[in-house]
Amino acid sequence: MPLWRAAAVMDVARRLASAFEMPLRVARLIAARGYTEPEEVERLLTADEPWSDPMDFDDMRAACEHILRAVSAREVIAVIGDYDVDGVSAAVIVAKAIQALGGRVTCHIPERVSDGYGFSLRLLEEAKNEGASLIVTVDNGIRAVEAIRAAMADGLSVVVTDHHEPGDEIVPSGVPVLHFTRHRDPSSAKRGCGAFVAWKLATQLLDSSGFPQTHALRRWILGLAALGTLADMMPVVGENRRLIREGVRALAEEGSAGWRVLCDGARVSRDTLGASDVSWRLVPRLNAAGRMAHADLAFRLLMAEDEEEAKRLAETMEVLNAKRREAVDRAFAEAVEAVEREHGPNPPAIVVAGAWPLGVVGLVAGRLAQAYACPAVALAEMGDGTLRGSGRAPEGVSMLDLLRRCADVLHQYGGHDAAVGCALNASQLPAFRAALLEAAVAAGPTSSAAGEPAVVADDYLMLSESADELLGWLERLAPFGPEHEPFRFFVGPVEIVRCARMGSGEHLRLTLAEGDACQDAVWFRAPERIAHDTSGLWAFIVELVPNAWRGAVRPQLRIEQGYRLSRAVSREVFAAVFRALRRGPCSMETLRQRVGGISPDLVRDLESVVATFVELGFAALDGGLYHVIASQKRDLRDSLAYQALVRRHLRPVGGGPSERMEEERTS
C-alpha cells in the first residue's frame with residue numbers, strides 16, 4: 001500500500017500534464033485525487049460552476065411575496081438569526097437586502113446560554129415588542145415548530161430559511177420554507193450553509209425589484225455568503241467552490257466599515273485577502289462574540305457604517321477573542337485529563353463534562369475529535385442539573401447519526417453530520433457515555449481510529465526542489481476545505497537542525513535538513529517534548545502555504561503531523577548497502593555479512609532495502625545472486641518497497657490542531 005496517493009498515477013499524470021501544459025508534479029496531484037478526464041480538470045481549475053437559480057427552492061416565490069408585501073406596506077420585518085458566524089452572516093445578508101428595498105427591519109439573535117439555538121418563544125415576544133408583523137428565520141427555523149405556531153396564532157407571518165436537518169415535527173402549512181428538502185436538487189442544495197440560502201433569497205428579492213446588478217451591495221452579500229460557507233466548513237465543491245473564490249474577492253473589495261475595521265484589527269491586508277485569512281483570522285474573532293458574550297456584537301459590527309462605532313465594536317471583539325483562547329486552552333487541558341480518566345488512551349468515542357463556558361465546548365470537542373481521531377462530545381455544566389454541549393466527528397463519521405442512536409437519554413439534539421448540539425440531565429451522563437460508545441463501535445472504526453491511515457499524503461516533497469511554481473499551481477487549485485482538502489506532502493527522512501519557539505511558545509519554527517538541502521517549517525501547537533528533543537531522523541506531513549513577509553510571498557512548509565524514524569531508512573544506510581552490492585554479485589546471506597555492522601535494524605530490513613533497489617532498477621537478481629546494474633537516477637521514495645519500509649518505522653509524535661483548527665467553524 002503506497003504512503004501517498006500519487007504513487008500509482010504516472011500514466012494519467014503524463015497525459016494531463018501534456019493536455020494542460022502543467023508540471024508533471026502538479027498533474028500527479030490532480031490525478032491522484034481522481035481527476036482523470038480533461039473536462040474534470042478544466043472545471044477544477046476554473047471553478048466556474050453555473051450559479052443555481054434561486055427559484056429552484058420550491059417556496060422561493062411565496063417567500064419573496066411575503067417579504068415584498070411587508071416592505072410595500074412599511075411593516076416591520078424581524079430577522080431571527082443564530083449565534084455563529086454563518087447565522088450572523090445570513091442575518092446581515094437578509095437585513096441589508098430588505099433595507100436596500102426600503103423595508104423596515106430588526107434583527108434578533110439568541111443568546112447561547114439563556115436562549116439556546118434558534119427561533120424561540122422569547123425571541124417571538126421580542127420581535128412582537130418591536131412591532132414586527134413578519135418573521136424571517138435565517139440559519140434556523142426548520143425545527144422551531146412551537147415558536148412558528150405561536151407566531152401564526154398571534155397573526156404574524158413567517159418565512160423559514162435554514163440548512164440544518166429537519167426534526168420529526170413538520171413546519172405548518174402556509175409557511176414558505178427555503179430548505180434543501182424543498183429544492184429541485186436536494187443533494188446539491190444540502191451543501192449550502194445558512195448564509196448560502198439567505199443569499200439566494202436576497203438575490204431573488206433584489207432581482208424581483210429590479211435592483212442594479214452592478215451595485216456594490218450585491219458584491220457585499222456575495223462575500224457574506226462566502227464568509228458563512230467558510231465559517232460553517234461546508235463542502236468546497238461545485239457552486240460552493242465558485243462562491244468562496246468569487247466571494248473572497250468581493251470581501252477584499254467591498255464591505256461595511258465594520259468589515260474593514262475587523263480586517264485592520266486582525267492585521268489582515270485586504271489587498272492579499274485569501275480564504276485562509278477569512279477562516280483562520282477573521283472567523284474566530286466574529287465567533288468570539290457569540291461564544292463569550294452575545295453574537296449581536298458581530299451582527300452590529302458587520303452592519304456598521306460608522307467607523308468610530310465599528311472601532312469600538314472591533315476592540316470589544318478582540319478582548320472577547322483573547323478570553324475565548326484562554327477558556328478553550330483551560331477547558332481542553334481539563335478535558336484531556338477527563339478522557340484519560342474516563343476513557344483511556346484509545347477510545348472509540350468520547351463524552352466529557354466540566355464547568356466550562358458553553359460557548360467553548362464545541363471548540364473543545366473539535367480538538368478532542370482530532371487529537372483522539374474519534375467522535376467527541378464536550379458538555380458544559382449548566383448549574384441546574386443539566387448538561388449542554390457540542391459534538392464533533394472525524395471526516396467520514398456522521399455525528400448526527402450517532403446521536404440519533406442515543407436519543408433515549410437526550411433532552412434534545414440537532415445539527416448535521418460534522419457538528420451537533422445536545423442537552424441532557426446530568427444524571428444521564430453515564431448512560432449517554434455508554435450509548436455513544438456503543439453507537440461508535442457499531443458504526444465501525446474510522447480509518448484514523450483503526451490505525452495509521454493507508455495513505456498519509458498526496459505526494460512526497462523533496463527539500464531540494466523549488467516550491468515556487470508548485471505553490472502557484474496550488475493557489476490555482478484553491479480554495480480548499482471539506483471534500484477538497486488541502487494537498488499534503490510527505491517530507492522525510494530529514495533531520496531537525498534548528499528549533500525555535502514562536503508566539504506564546506507552543507508553536508515551533510524548525511529548520512529541516514535533507515542532505516545538503518534545508519528548508520524552514522512551522523509547527524503550530526507542536527507537542528511540547530519536540531522542543532526538548534529534536535535528535536534523530538524525522539518525517540512530516542506538511543502543507544505548502546504562502547508566507548507573506550515585507551511585500552514578498554514565499555512558500556512555507558506548515559507541519560500537520562510528525563513522525564520519528566529509525567536509522568534503517570536513512571540514505572546513509574541505503575548508500576552503504578549499495579556499496580556492499582557493488583563489491584560483486586552475492587546472495588542475501590552474503591550481503592548480510594557484508595553490512596552486518598552498519599545498523600542494528602538493518603539485518604531485519606535488508607530484504608526491503610534490496611527490494612527497493614530492484615524495483616527502481618538499481619539492482620537485479622540473477623541465478624540467486626544480487627548484482628548492480630546501470631540505471632537512471634531515481635528517488636528512493638518512488639519505490640513502493642521503500643514506502644512500505646518507511647511505514648513500518650513511522651512512530652507518530654502527535655501534533656495538536658494546526659492554526660487552521662484553532663477555531664472550529666461550526667456552531
Side-chain angles (χ1 to χ4, degrees), residues 4-6 23 25-26 28-30 32-33 44-45 47 226 230 233 236 241 244-245 248-249 251-252 263 266-284 370 456-482 484-492 494 496 500 502-503 506-512 514 517-526 538-562 655-663 665:
W4 38 83
R5 294 183 179 92
R25 144 77 74 192
V26 177
R28 279 165 56 106
L29 293 173
I30 292 174
R33 286 287 180 94
L44 180 67
L45 292 173
L230 288 166
M233 299 183 72
V236 185
R241 192 151 177 270
I244 293 170
R245 185 176 281 192
V248 169
R249 285 200 293 267
L251 289 173
C263 292
R267 297 185 299 280
V268 171
S269 170
R270 295 170 73 224
D271 292 336
T272 59
L273 184 71
S276 59
D277 297 313
V278 176
S279 296
W280 304 342
R281 300 169 70 177
L282 300 173
V283 164
Q370 186 187 50
V456 300
D458 290 282
D459 205 351
Y460 69 84
L461 188 67
M462 297 183 294
L463 297 188
S464 59
E465 68 179 290
S466 173
D468 293 272
E469 184 180 36
L470 176 58
L471 178 63
W473 277 93
L474 292 178
E475 292 185 311
R476 285 188 64 183
L477 294 167
F480 300 109
H484 183 53
E485 296 291 337
F487 290 94
R488 294 187 172 91
F489 300 90
F490 183 93
V491 170
V494 296
I496 300 174
M502 297 166 52
E506 60 186 342
H507 312 312
L508 299 178
R509 183 179 299 279
L510 308 176
T511 301
L512 310 180
E514 184 179 66
C518 291
Q519 279 200 39
D520 287 341
V522 293
W523 196 349
F524 295 108
R525 296 195 174 278
W538 294 81
F540 298 101
I541 307 301
V542 305
E543 291 181 23
L544 189 65
V545 298
N547 180 36
W549 177 249
R550 293 182 177 177
V553 178
R554 299 182 60 82
Q556 182 176 71
L557 303 182
R558 187 174 65 219
I559 294 171
E560 296 294 316
Q561 173 67 54
S658 71
E659 189 177 9
R660 73 185 174 86
M661 293 299 291
E662 172 66 15
E663 165 76 3
R665 291 172 303 275

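- Summarising the geometry of I541 relative to R488, their closest heavy-atom pair is CG2-CB, 3.9 Å, with the distance given to 0.1 Å.
- Listed for the R525 side chain is no donor-acceptor partner under 3.5 Å among the backbone atoms of E506.
- Every ring pair (Phe, Tyr, Trp, His ring centres under 6.0 Å) that W538 has, sequence neighbours left out, goes to F540.
- Here T511 pairs with D520 under the side-chain hydrogen bond (donor to acceptor under 3.5 Å, both in side chains) rule; sequence neighbours left out.
- Not counting sequence neighbours, the partners of V545 by the side-chain contact (heavy atoms from CB on, under 4.5 Å) test are E543, Q556, R558.
- Under the rule for a ring pair (Phe, Tyr, Trp, His ring centres under 6.0 Å), the partners of F487 that lie at least two apart in sequence or sit in another chain are F480.
- The side-chain hydrogen bond (donor to acceptor under 3.5 Å, both in side chains) search around N547 returns none, not counting sequence neighbours.
- Under the side-chain hydrogen bond (donor to acceptor under 3.5 Å, both in side chains) criterion, D271 pairs with no residue, sequence neighbours left out.
- Contacts of E514 classified as side-chain hydrogen bond (donor to acceptor under 3.5 Å, both in side chains), with partners at least two apart in sequence or in another chain: R571, R637.
- The salt bridge (charged side-chain N to carboxylate O under 4.0 Å, His left out) search around R28 returns D459, not counting sequence neighbours.
- Partners of R476 according to the side-chain contact (heavy atoms from CB on, under 4.5 Å) rule, which considers only residues two or more places apart in sequence or in another chain, are L45, W473.
- Listed by chain and residue number, R5, A6, V9 satisfy the side-chain contact (heavy atoms from CB on, under 4.5 Å) test with A32 (two or more places apart in sequence, or in another chain).
- In this structure, the salt bridge (charged side-chain N to carboxylate O under 4.0 Å, His left out) partners of E465, at least two apart in sequence or on a different chain, are R25.
- When all heavy atoms of I244 and A275 are compared, the closest pair comes out as CG2-CB, 4.1 Å.
- The side-chain contact (heavy atoms from CB on, under 4.5 Å) search around A517 returns L463, S464, not counting sequence neighbours.
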